[in-house]
Amino acid sequence: MEDMPSALPDGEPVPDDGALPASALAGAADRPLGFYLHVPYCATRCGYCDFNTYTATELRGTGGVLASRDNYAETLVDEVRLARKVLGDDPRPVRTVFVGGGTPTLLDAGDLVRMLAAVRDEFGLAEDAEVTTEANPESVDPAYLAALREGGFNRISFGMQSARQHVLKVLDRTHTPGRPEACVAEARAAGFEHVNLDLIYGTPGESDDDWRASLDAVLGAGPDHVSAYALIVEEGTQLARRIRRGEVPMTDDDVHADRYLIADEVLSGAGFEWYEVSNWATSEAGRCLHNELYWRGADWWGPGRARTVTWVGCGGGT
Ligand SMILES: C[S@@+](CC[C@H](N)C(=O)[O-])C[C@H]1O[C@@H](n2cnc3c(N)ncnc32)[C@H](O)[C@@H]1O
Ligand code: SF4
């Protein structure tokens, strides 16, 4: 059985009734509660990414095991209701909601708002709840962002990765340079208080100058949060295969270390404070509370980790 290929990720699914062990419930009242809502769809797969996400072609290959995009919001809302049943009369309002992916913004804005409304209806949101969605730069426009803001989202995280076209090409990104920066302006115009840009450093072919150009582009765009990740070559990805075939050079740990120092120098010089391994924010209010909630061992429920059941596993969140 061990070698049997599976369309589902590793890990133990929770039982059908969603029951939690007593140890998970002990002392819960003293811990903040968050929700990570996973949306496992992408238009295309970036060569470096091994996240639990499916393109339309990959989805067909799963033989219908996974919920389709069309009824995904409904499926997820059912899981939020299941969480309510499992947690019974737990009085905690939800402190953070993070919609991650995949590409959540491949769904209609109304779907994301419906999923959030389910959390609000079933649990209630804390007055100052942080409500984030991830978004791909090419998948949103001002009307979409306005609908999210109106529906209760107050933080958005765009996958920028690089400002240089040749780096985006190695990463198989489909957005054009400049689009993530425009997204920040559109998100601000829609009323988003908090905006993050994700960057990746150490991509084969990226120079120090390219990296500095990406950081400068971020500063020019004016987000209040930056996540900068060293490129990880994940087994089984297209990038790993290209490196093995010698088409692309392997990443270099020393280069990664240098780029990390450059990131801290540039971001700190522009008023960002480093507060977690890969994260910088302009103020305490700009930090990703959902991410901090993971680090502090708070409680979170993760509908949509796979199929139609809730999986115990690692959520995303910056
Ligand atoms: C769930 S993903 C992305 C959100 C969105 N789908 C996008 O790509 O714009 C969150 C972030 O993880 C980072 N990431 C994913 N795979 C990575 C890898 N192999 N190495 C480094 N960073 C990675 C990227 O910066 C990405 O924006
Ligand atoms: S990095 Fe984002 S867009 Fe690319 S495959 Fe992964 S989740 Fe999808």
Side-chain angles (χ1 to χ4, degrees), residues 37 39 41-46 48-49 51 53 97-113 116 130-165 167-169 171-201 203 210-211 213-229 263 266-267 270 272 278-283 285-288 290-291 316-318:
L37 310 180
V39 180
Y41 307 110
C42 285
T44 57
R45 182 178 286 275
C46 308
Y48 56 89
C49 181
F51 281 57
T53 187
V97 178
F98 192 101
V99 185
T103 305
T105 44
L106 268 190
L107 299 186
D108 287 345
D111 282 345
L112 302 191
V113 169
L116 171 61
E130 176 191 273
V131 182
T132 307
T133 187
E134 289 184 331
N136 282 40
E138 70 282 8
S139 66
V140 296
D141 61 19
Y144 190 102
L145 295 169
L148 288 183
R149 184 67 194 94
E150 194 151 313
F153 286 81
N154 52 31
R155 186 172 183 276
I156 191 156
S157 170
F158 295 106
M160 172 173 173
Q161 323 310 354
S162 173
R164 294 291 206 213
Q165 179 57 46
V167 177
L168 293 174
K169 189 160 183 284
L171 295 174
D172 295 327
R173 297 295 293 188
T174 54
H175 67 261
T176 46
R179 179 62 201 143
E181 298 92 303
C183 285
V184 176
E186 290 173 11
R188 293 291 193 204
F192 278 88
E193 291 94 329
H194 302 298
V195 184
N196 171 62
L197 288 174
D198 280 344
L199 287 175
I200 289 180
Y201 55 87
T203 299
D210 290 332
W211 178 231
S214 294
L215 291 164
D216 286 347
V218 163
L219 295 181
D224 64 342
H225 191 284
V226 178
S227 299
Y229 302 111
V266 171
L267 294 171
F272 281 79
S278 307
N279 292 299
W280 288 259
T282 52
S283 70
R287 293 181 183 184
C288 178
H290 186 80
N291 192 33
T318 48

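These numbers were taken from a predicted model, which means no experiment stands behind them.
Contact record, Ala285 with His194: O-CE1, 3.2 Å, taken as the closest heavy-atom pair. Minimum heavy-atom separation, Asn196 to Ser227: OD1-N, 3.2 Å. For the residue pair Val131 and Gly152, the shortest heavy atom distance occurs at CB-O, 3.6 Å. When all heavy atoms of Leu145 and Cys183 are compared, the pair lying nearest together is CD1-O, 4.3 Å. Between Val113 and Ala147, the shortest heavy-atom distance links the atoms CG2-O, 3.8 Å. When all heavy atoms of Val140 and Thr105 are compared, the closest pair comes out as CG1-CG2, 3.6 Å.
We find the CD1-OG distance between Ile200 and Ser278 to be 11.0 Å, quoted to the nearest 0.5 Å. If you take CG on Asp224 and CZ on Phe192, they are separated by 12.0 Å, rounding to the nearest 0.5 Å. With rounding to the nearest 0.5 Å, the separation of CG in Leu219 from CZ in Phe272 is 6.0 Å. Distance CG/Asp111 to CG/Leu106: 11.0 Å, rounded to 0.5 Å. The CD atom of Gln161 lies 10.0 Å from the OG atom of Ser214; values are rounded to the nearest 0.5 Å. Rounding to the nearest 0.5 angstrom, the gap separating the CG atom in Leu112 from the OH atom in Tyr144 is 4.0 Å.
A 4.5 Å side-chain heavy-atom check between Asp172 and Thr44 finds every atom pair outside the cut-off. Annotation: side chain of Thr203 is not in contact with side chain of Tyr48 (no heavy-atom distance under 4.5 Å).
Although no hydrogens or angles enter the test, the distance criterion places a donor-acceptor pair under 3.5 Å between the side chain of Arg188 and the main chain of Gly222. No donor-acceptor distance shorter than 3.5 angstrom exists from the side chain of Asn154 to the backbone of Glu130, with no hydrogens or angles considered. Remark: side-chain polar atoms of Asp141 are paired, donor with acceptor, to backbone N or O of Ala143 under 3.5 angstrom. Distance alone, capped at 3.5 Å, is enough to place a donor-acceptor pair between the His175 side chain and the Met160 backbone.
By the 30° and 60° cut-offs, the orientation of the rings of His290 relative to Phe98 is parallel.
Every side chain to side chain donor-acceptor pair (under 3.5 Å) that Glu193 has, sequence neighbours left out, goes to Arg149. Under the side-chain contact (heavy atoms from CB on, under 4.5 Å) criterion, Ala221 pairs with Glu181, Val184, Leu197, Pro223, sequence neighbours left out.
For Glu150, the CD atom sits in a loose shell: 12 or fewer heavy atoms of surrounding residues, nucleotides or ligands are nearer than 6.0 Å.
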